Structures are given as structure tokens and as C-alpha cells.
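Here the structure is a predicted model, which means the values were calculated and not measured.
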Amino acid sequence: MSLKSRFLILGSIITLIAISAIQAYLIYNTYELKKKTFAMDARNSIAKVYSTQEVDSLFWIYRNDFLEQLGLYEDSKITKPEVIKNLESKTNEVNKAFLKVYEEGIKENDIEFNVKIKISVTDIILLDSLSAVNDVFLDSEKDSAIFILGNNFSNEDAILINKGTWQKELENSKSFKDLHFKTQVYMNLVDWESFVVKELTSLLIISVLLFAFVIGLLSYSINNLIKQKRLAEIKTDFINNITHELKTPLSTLAITTKTLTNKYAEGQTEIAKETIQVIDRQNKRLQNLIDQVVNNSIGYDEIDLSLKEFKIAPFLEKIISDYKITLKKEIVITSDFENLEQKIIADKFYLGTAILNLLSNAVKYEGTIINVTYKYNEKTKQHIISVTDNGIGISKKNQKIIFEKFFRVSEKDTHNYKGLGLGLYYSSQIVKAHKGAIEVESKEKEGSTFSIIIPK
Ligand code: ADP
């Protein structure tokens, strides 16, 4: 692939990664924003639930009780821990009623998400007439808060939504002037992440779909680009090959024309006869070349089969023996047929051409020992004809594309073998016309096996 194409692909991939990163960042930001808005909304909704008269009156039960306890404490009838203990035990009494009011409030306000609330006392401080701290019952700096209303969840995942101080002037007290009773309200949004994610689902789905679409489009374009480039290369190769093939007969014809027009040849019938034979041979060669291009480049749907049933073993034997006669080199062709009586329904001429193409390739690409096998697979009901050679073999990469029209393994990789890159294409089209498949197994420098598989 050229440097320009590589840059183009790399650039597209980097841009895609950048776009996805921006997209992910934007989605994350939206998520955070939604989370904040959701928390704010929840806070506002929940405020409506707990800032009601009913809740307030429940709260007053604590307050009044505490004031009563405080009186007893001042008269030294109970101790400080006992006051606190009493405050805690009051929870069991009041919380049931609070939770009921709370649940009703949730329903009334149409709150769809699961939200829990917790009210606790953090500080109870008594001041003297000079507003100095006189006594401390609870100090948030040292003591843990006392849970009074709601659900007692941990503060870790909770959000503080309100802090309040109930200040009470203690008119009847001798030692204390003021009471500071501080409370905190926390809310806990159960499963709120999934709630926010649910709200973002459509956005997420659209993003993922768009992303998949862009990736699909990009890979399609890159694939197309690679295909186009290969096609252009194949075409250039083909033009080079055919020009090369045409050169020899044309230059021979030019020489023969010169010979015939030469005045020394005038009246020399022997020379004329020989020259005409050369012209005839070159003419046939040219015709053959053109026939190859025209006939072998047709698609499977243009092949008109004339199907007949025949025994496959003698058919293959005949092809091999006829082919052997044409061979100039010393080549060993063996055969191994498993089912001698098996019949096939096929077009003898076309199937023969496909097998001959495989045989001549096996010889062309330096096979010296060639084995033709036939077997019938009972299970899959398939005829399998294979041609194995010990030639130069084909790399894994090229195995995938050798059946393409005009494709030839680049001359840089191999010696200069003559051909137009049509043999395997034509064979594959013939096999396809028989509704079969052609497969290759090969190892470089060791050899190849081409198999024609035809269904019964
Ligand atoms: P051609 O032989 O005219 O180049 P083919 O379509 O018959 O065209 O083959 C395509 C390519 O597949 C060839 O260029 C060759 O590199 C490779 N090839 C085909 N058959 C064999 C084989 N038996 N051994 C090694 N290479 C082969």
C-alpha cells in the first residue's frame, strides 16, 4: 500500500479515536450534570415532604420531652447520659409515625425515585446568661450524632440537605439561659446512578449507534480503498502481461513480413512456404491469447452447462493421460481414486477445463510430482477432486486472492512465469456454475493442493 493511503487510513483512525474521546467526555459531563440536577430536584422534592406541620409536630415531641428531661437533670434527678439515652429511646416511639407521614408525603408529591431521609441531633449546648457555654450534652466535634427520625443509613453515600438550630430561651431555669439544639438532615438516593443512567439511555444508545455507524462507514471506505488499489494494480499487471505476450508474435510477424517483401525472397517458394507457416503459427498464438482473455474471463452465470451423468474415475484417467502426452518435461503424475464406480452429474467439457487448469498450473509452478485424487464424502454428499503438487507453493496472504480475475502473484515474489491470471478465476467460475467450491491448501516452497468440491 502506498504511503499516501497509509497516512489516510492512519489519519482517519486517529480522528475517529479523537471523536470518540470527545463523545465519551461529553457523555460523562452530561452524566455529571444530570447527577447534580437530579440531586437538586430530589432535595427540593424531599424538602416538601419533611417541612410539613405533621413532621414539625412530631419533632416537638422530642423537644418537649427534652425540656422535661432537662428540668429533671437540673434538679439532679437524672444524669446526663440518662438524658441522652432517653432521647435515643424516644426514636422508637416517634419514628414509626414519622415514617408513615414520610411515605405518604412521597406518594403525594409523586416522587418516583427511591429516596431515604435521616434526621439526627448533632449538638446540644446550654449557655449561661453571658452566652458562655455552661453545659454540653452533645458535641459534634467529639460525639457521634444521635439518630432521631427517618432511616438510619450511613452518612458515607448520603447528601447533607439541611442544618438547623433550635434555640430556646430557658425562662424557668436557674443555671441556664439558652439551649442550642442542632439538627442535620441527610438524604440517601438509593440506586440514583442507575436512575440517572436510565435517563441517559436514549442518548447512550444513539451515541453507540452513531459510533458503530461511523466505524462501519470508515472500515467500509478503507476496505473499498484497499480493493480499488488492488484492482488498479491487478489491471496494470494484466496490461503489462498481455503486452508482453503480444510482443513476441508481433515482432515475429514484422520479421516475416520483411522477409516476404525482401527482393531476394521473390520467387523463392521454399522461403515463402516456411514464412507463411511462421505467420500461421503466430496468428494461432495471437488467436489463442485473445480466446483466453475472452473465454476465460466470463463469470459463472454466463457459463452454459450441459450436465450429464458419468463415471468420474475413467474421466479423470483420460484427462491425465491426454495431458501427459503434451508434457515436454519429465513429470510424474500419479492418481488415487477412492470410489471407482462413483458417478457425477457435471459438464464434462467445463469440469475437464477446470482440472486441466489445475494440472497445468501444478506443472508451471514447478511441480515435478503431481497427484490427482478423487473421493466421495458420504456424509456431506460431495465429490472431491484434488490436485497436489510439490511446486513453489503460495503464501497465506496470496491464497485468499489467487481466485480473483487477473490476479497473479507479483513477479517480485516469483520468477517470471507466463500467464494472464485467468486460469484459477475461470476454474473457480466453472466450479461455482456447478454450485461447488474450490479450495487451496499450500505451504511456500513445499507445494499446493487445489480441491474442487462439487455437491451431488
Ligand atoms: P496464471 O497462472 O496465469 O498466473 P492463475 O489464475 O492460474 O493465473 O493463477 C493465479 C496465481 O496463482 C498465479 O500467478 C500463481 O502465482 C498462483 N498459483 C496458481 N497455481 C499454483 C500452484 N500450483 N503453485 C503455486 N502457485 C500457483
Side-chain angles (χ1 to χ4, degrees), residues 288 291-292 294-391 394 399 402-403 405 419-442 447-456:
N288 190 22
D291 283 350
Q292 248 192 69
V294 175
N295 298 337
N296 295 6
S297 63
I298 59 171
Y300 69 97
D301 44 357
E302 294 168 80
I303 298 172
D304 195 10
L305 296 181
S306 132
L307 297 174
K308 275 199 185 92
E309 193 174 32
F310 53 91
K311 273 191 194 169
I312 197 144
F315 164 73
L316 291 174
E317 282 297 2
K318 176 120 188 19
I319 292 176
I320 296 167
S321 60
D322 285 356
Y323 182 64
K324 267 185 185 161
I325 300 167
T326 66
L327 286 175
K328 291 182 193 97
K329 299 191 259 181
E330 196 49 51
I331 308 264
V332 181
I333 304 183
T334 58
S335 58
D336 184 7
F337 307 143
E338 259 180 32
N339 311 62
L340 290 172
E341 292 304 310
Q342 188 67 46
K343 285 182 175 172
I344 188 169
I345 299 173
D347 184 307
K348 263 189 174 175
F349 170 74
Y350 281 113
L351 188 60
T353 309
I355 296 163
L356 266 175
N357 277 345
L358 298 186
L359 279 173
S360 64
N361 271 354
V363 175
K364 180 157 72 171
Y365 298 103
E366 295 183 18
T368 49
I369 302 168
I370 297 160
N371 188 26
V372 181
T373 65
Y374 165 75
K375 64 177 176 227
Y376 180 72
N377 189 328
E378 283 290 349
K379 245 195 222 155
T380 56
K381 304 218 177 306
Q382 284 171 329
H383 303 278
I384 304 161
I385 303 160
S386 301
V387 177
T388 304
D389 65 62
N390 61 341
I394 307 157
Q399 281 173 34
I402 45 171
F403 298 102
K405 199 174 187 174
L420 295 175
L422 279 170
L424 285 183
Y425 167 77
Y426 190 44
S427 301
S428 72
Q429 295 307 300
I430 290 173
V431 175
K432 207 167 169 190
H434 281 88
K435 306 215 165 12
I438 187 161
E439 288 174 0
V440 62
E441 259 176 69
S442 182
S448 318
T449 297
F450 283 87
S451 301
I452 290 176
I453 301 158
I454 292 184
K456 193 178 175 185

Roughly how far, to the nearest 0.5 Å, is the CD1 atom of Ile454 from the CD1 atom of Ile312? 7.0 Å
For residues 344-355, which side-chain N or O atoms pair as donor and acceptor with protein atoms under 3.5 Å away, sequence neighbours left out?
{"residue": "Asp347", "atom": "OD1", "partner": "Phe349", "partner atom": "N", "Å": "3.0"}
{"residue": "Asp347", "atom": "OD1", "partner": "Tyr350", "partner atom": "N", "Å": "3.1"}
{"residue": "Asp347", "atom": "OD2", "partner": "Ser306", "partner atom": "N", "Å": "2.6"}
{"residue": "Thr353", "atom": "OG1", "partner": "Phe349", "partner atom": "O", "Å": "2.7"}

Do other residues, nucleotides or ligands put more than 12 heavy atoms under 6.0 Å from the CG atom of Asp301? yes
If a pair satisfies salt bridge (charged side-chain N to carboxylate O under 4.0 Å, His left out) and one of its residues is in residues 371-391, list it, with sequence neighbours excluded. none
Is the count of non-hydrogen atoms from other residues, nucleotides or ligands lying under 6.0 Å from Lys343 atom NZ greater than 12? no
Is there any ring pair (Phe, Tyr, Trp, His ring centres under 6.0 Å) pair reaching into residues 354-373, and which pairs are they, with sequence neighbours excluded? Tyr365-Tyr417
At their closest point, which heavy atom of Ile394 faces which heavy atom of Phe450, and how far apart are they? CD1-CZ, 3.7 Å
Roughly how far, to the nearest 0.5 Å, is the CD1 atom of Ile319 from the CG atom of Leu356? 5.5 Å
Is a side-chain N or O of Ser442 found less than 3.5 angstrom from the main chain of Gly447, in a donor-acceptor match? yes
What's the separation between atom CG in Asn339 and atom CG in Asn377, rounded to the nearest 0.5 Å? 10.0 Å
Going by side chain to side chain donor-acceptor pair (under 3.5 Å), name the residues that satisfy it together with Asp322, two or more places apart in sequence or in a different chain. Lys318
Separation between CD1 of Ile438 and CD of Gln429, rounded to the nearest 0.5 Å: 10.0 Å
Do Thr380 and Ile453 have side chains that approach each other closer than 4.5 Å (heavy atoms only, starting at C-beta)? no
Side chain proximity check, Ile452 to Leu358, heavy atoms < 4.5 angstrom: yes
Scanning both residues in full, the closest heavy-atom pair of Ala433 with Leu305 reads O-CD1, 3.4 Å
Quick check: does any side chain N or O of Asn390 sit under 3.5 Å from a backbone N or O of Ile369, one acting as donor and the other as acceptor? yes
Spacing of CD1 belonging to Ile385 relative to OG belonging to Ser335, to within rounding of 0.5 Å: 12.5 Å
Does any non-hydrogen side-chain atom of Thr388 lie less than 4.5 Å from one of Glu441? no
Measuring from atom CD1 of Ile402 to atom OG of Ser427, what distance do you get when rounded to the nearest 0.5 angstrom? 10.5 Å
Does anything in residues 299-325 pair up under ring pair (Phe, Tyr, Trp, His ring centres under 6.0 Å), and if so which pairs, sequence neighbours excluded? Phe310-Phe315
Could you walk me through whether Phe337 and Glu317 satisfy the side chain to side chain contact (heavy atoms under 4.5 Å, CB included) test, starting with their C-alpha distance in whole Å, then the side-chain angles of each, then the deciding distance to 0.1 Å, before giving a yes or no? CA-CA 10 Å; Phe337 307 143; Glu317 282 297 2; 3.5 Å; yes
Tightest non-hydrogen contact, residues Ile331 and Gly367, listed as CD1-O, 3.5 Å
Compare every heavy atom of Ile333 with every heavy atom of Val372, then report the nearest pair and how far apart it is. CG2-CG2, 4.3 Å
Report the C-alpha separation of Glu338 and Thr373 in whole Å, then their side-chain angles, then the decisive distance to 0.1 Å, and conclude whether the side chain to side chain contact (heavy atoms under 4.5 Å, CB included) test is met. CA-CA 8 Å; Glu338 259 180 32; Thr373 65; over 6 Å; no
Shortest non-hydrogen separation from Gln342 to Tyr374 and the atoms involved: CG-OH, 2.9 Å
Restricting to non-hydrogen atoms, name the atom on Val431 and the atom on Ala437 that form the minimum distance, rounded to 0.1 Å. CG1-N, 3.3 Å
Can you name the ring-ring contact (aromatic ring centres under 6.0 Å, His included) partners of Tyr376, sequence neighbours left out? His383
